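Please read the structure below before turning to the comments.
When reading the values below, keep in mind they use all heavy atoms of this one structure, side chains included, and skip hydrogens, waters and symmetry mates. Treat the numbers as computed from the prediction; the structure is a model and nothing was measured.
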Amino acid sequence: MSLLGRRGTSSERSGPQSPPVTMEARVLWLLAFVLALGSSSLADEYVGLSENLCAVPAKNRVDCGYPEISPEQCVNRGCCFDSSIPEVPWCFKPLQDTECTF
């Protein structure tokens, strides 16, 4: 048998094939990427409670955390996190909710 007359299949010519990536897998990877990208930009913004409860003037902030606390750890304590002002607590207690409920 002559090698010139033999034609190989595409898998013989290009080596082993990887399984096809499904659309669902692509969407999940894209979603994970977008969420990771979005969460990295939240570090300098208010995180957790509503912005009006966290609108505490820098001089009135009461520390609610410890050095090197992460935004997630701060929020899990029920506190506000804002790292945009240096030399004041970044994790601090929110304003008291003044709404009366009967």
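- The SG atom of Cys54 sits 9.0 Å away from atom CZ of Arg61, with the distance rounded to the nearest 0.5 Å.
- Residues satisfying the side-chain contact (heavy atoms from CB on, under 4.5 Å) criterion with Asn52, sequence neighbours excluded, are Ser50.
- The OG atom of Ser70 sits 7.5 Å away from the CZ atom of Phe81 when rounded to the nearest 0.5 Å.
- Separation of atoms SG (Cys79) and CD (Gln73) is listed at 12.0 Å; rounding is to 0.5 Å.
- Atom OG of Ser83 and atom CD1 of Ile69 lie 12.5 Å apart (nearest 0.5 Å).
- Cysteines Cys74 and Cys91: SG-SG separation is under 2.5 Å.
- Alongside Ile85, the hydrophobic cluster contains Val88 (criterion: ILVMFWY side chains under 4.5 Å).
- Atom-to-atom distance recorded for Trp90:CH2 and Glu68:CD is 8.5 Å, nearest 0.5 angstrom.
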